[in-house]
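See structure below.
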Amino acid sequence: MKRLHVHVGVESIDASVRFYSALFAAEPVVRKDDYAKWMLDDPRVNFAISTRGGQLGADHLGIQAESEEELHEVYGRLRQAGRPVLEEGETVCCYAQSEKAWIADPQGLPWEAFLTRGASTVYGGDADLDGIRVAPSPVRAPPPSACCAPKAPAE
């Protein structure tokens with residue numbers, strides 16, 4: 001069974017680990033000075049944070065396969081999406097040895113498909129994702145109010 005992957009860029013690992021550990025009612029399964037990861041079953045997600053990204057907030061999303069067959073199934077879906085795919089192959093990333101490929105959605109948000117093969121003692125390098133980035137459609141102005149956005153507190 002595949003698992004959703006979410007990677008968030010954070011300013012402070014310590015503060016973020018405290019927050020997400022409380023939110024998930026679980027401690028991270030991997031904890032480094034610049035990185036932490038939770039492997040949750042409810043919801044089924046590989047949730048990671050790091051201070052290594054270029055921006056705060058959502059850095060990338062992904063689908064983690066648990067077998068070669070699942071990985072090749074997801075790779076087939078990437079090819080059908082009609083966007084450039086970067087097949088990175090065997091790599092070290094986020095303190096893990098894995099095989100992966102990348103694609104960007106129409107807004108330019110990177111998605112990875114990967115199979116973790118083992119742990120690594122180093123974070124690893126960053127993939128050059130310029131080849132998957134396609135200029136997004138012109139951005140439309142947000143609606144005057146969003147139904148789910150909290151209202152600013154009155155001062």
Side-chain angles (χ1 to χ4, degrees), residues 1-75 77-78 81 83-136 139 142 146 148-150 152-153:
M1 179 185 298
K2 293 170 277 304
R3 182 182 298 264
L4 181 66
H5 169 60
V6 177
H7 190 118
V8 175
V10 299
E11 190 171 1
S12 167
I13 288 292
D14 292 335
S16 296
V17 164
R18 282 190 302 276
F19 174 82
Y20 288 113
S21 292
L23 181 65
F24 300 144
E27 293 299 315
V29 296
V30 176
R31 173 71 199 279
K32 305 290 184 181
D33 291 340
D34 58 352
Y35 176 84
K37 175 173 75 176
W38 291 260
M39 294 292 282
L40 305 170
D41 288 325
D42 184 17
R44 190 161 172 76
V45 64
N46 166 339
F47 187 88
I49 61 174
S50 77
T51 58
R52 301 181 64 98
Q55 65 183 24
L56 299 179
D59 183 78
H60 66 272
L61 302 173
I63 298 173
Q64 181 177 4
E66 291 186 354
S67 69
E68 289 283 339
E69 295 78 24
E70 283 184 354
L71 183 64
H72 292 290
E73 174 190 333
V74 177
Y75 277 8
R77 292 181 197 168
L78 295 181
R83 303 189 57 83
V85 175
L86 169 65
E87 292 194 27
E88 195 173 4
E90 298 291 328
T91 188
V92 173
C93 179
C94 301
Y95 297 100
Q97 298 172 1
S98 58
E99 178 182 342
K100 68 175 63 185
W102 293 88
I103 194 168
D105 76 3
Q107 289 66 239
L109 181 64
W111 278 79
E112 66 178 326
F114 64 100
L115 173 64
T116 299
R117 301 195 187 279
S120 172
T121 58
V122 297
Y123 186 85
D126 292 328
D128 180 2
L129 301 181
D130 287 343
I132 64 168
R133 298 193 195 280
V134 175
V139 177
C148 301

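Along the sequence shown, residues are numbered consecutively beginning with 1.
Residue Ala101 comes nearest to Val85 through the heavy atom pair CB-CG1, 4.2 Å, listed as atom of the first residue, atom of the second, then distance. When all heavy atoms of Ala65 and Leu115 are compared, the closest pair comes out as O-CD1, 3.3 Å. Shortest non-hydrogen contact noted between Arg31 and Ala36 is CD-CB, 4.1 Å. Taking each heavy atom of Leu4 and Gly62 in turn, the nearest pair found is CD1-O, 3.4 Å. In this structure, Ser50 and His7 approach most closely via the heavy-atom pair OG-NE2, 2.9 Å. Considering all non-hydrogen atoms of both residues, His5 and Ala48 come closest at CE1-CB, 4.0 Å.
For the atom pair Glu112 CD and Gln64 CD, the distance stands at 9.0 Å (nearest 0.5 Å). Note: Lys32 NZ to Ile13 CD1 = 12.0 Å, rounded to the nearest 0.5 Å. Put simply, CZ on Arg18 and CG on Leu23 are 14.5 Å apart, with the number rounded to the nearest 0.5 Å. In this structure, the separation between OG1 on Thr116 and CG on Leu71 is 10.0 Å, given to the nearest 0.5 Å. The distance from the CG atom of Asp59 to the CG atom of Leu109 is 8.5 Å, given to the nearest 0.5 Å. One finds the CE atom of Met39 at 13.5 Å from the CZ atom of Phe47 (value rounded to the nearest 0.5 Å).
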**Message:** Evaluate Phe24 against Val45 for side-chain contact (heavy atoms from CB on, under 4.5 Å), listing each step before the verdict.
**Reply:** CA-CA 11 Å; Phe24 300 144; Val45 64; 5.7 Å; no

**Request:** For side-chain contact (heavy atoms from CB on, under 4.5 Å), just list the numbers for Tyr35 and Arg52, CA-CA rounded to whole Å, side-chain angles, deciding distance to a tenth of an Å, and then say yes or no.
**Result:** CA-CA 8 Å; Tyr35 176 84; Arg52 301 181 64 98; 5.6 Å; no

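The side-chain heavy atoms of Val17 and Ile49, taken from C-beta on, include a pair separated by under 4.5 Å. A 4.5 Å side-chain heavy-atom check between Ser21 and Glu27 finds at least one atom pair inside the cut-off. Within the 4.5 Å cutoff, the side chain of Arg44 has no heavy atoms near those of the Lys2 side chain.
Relative ring orientation between Tyr75 and His72 is described as perpendicular, the plane-to-plane angle rising above 60° on a 0-90° scale split at 30° and 60°.
When atom types are taken as modelled, the side chain of Trp38 and the backbone of Ala26 share a donor-acceptor pair closer than 3.5 angstrom. When atom types are taken as modelled, the side chain of Arg3 and the backbone of Glu66 share no donor-acceptor pair closer than 3.5 angstrom.
When the shell of 6.0 Å around CD of Glu68 is examined, it contains more than 12 heavy atoms from other residues, nucleotides or ligands.
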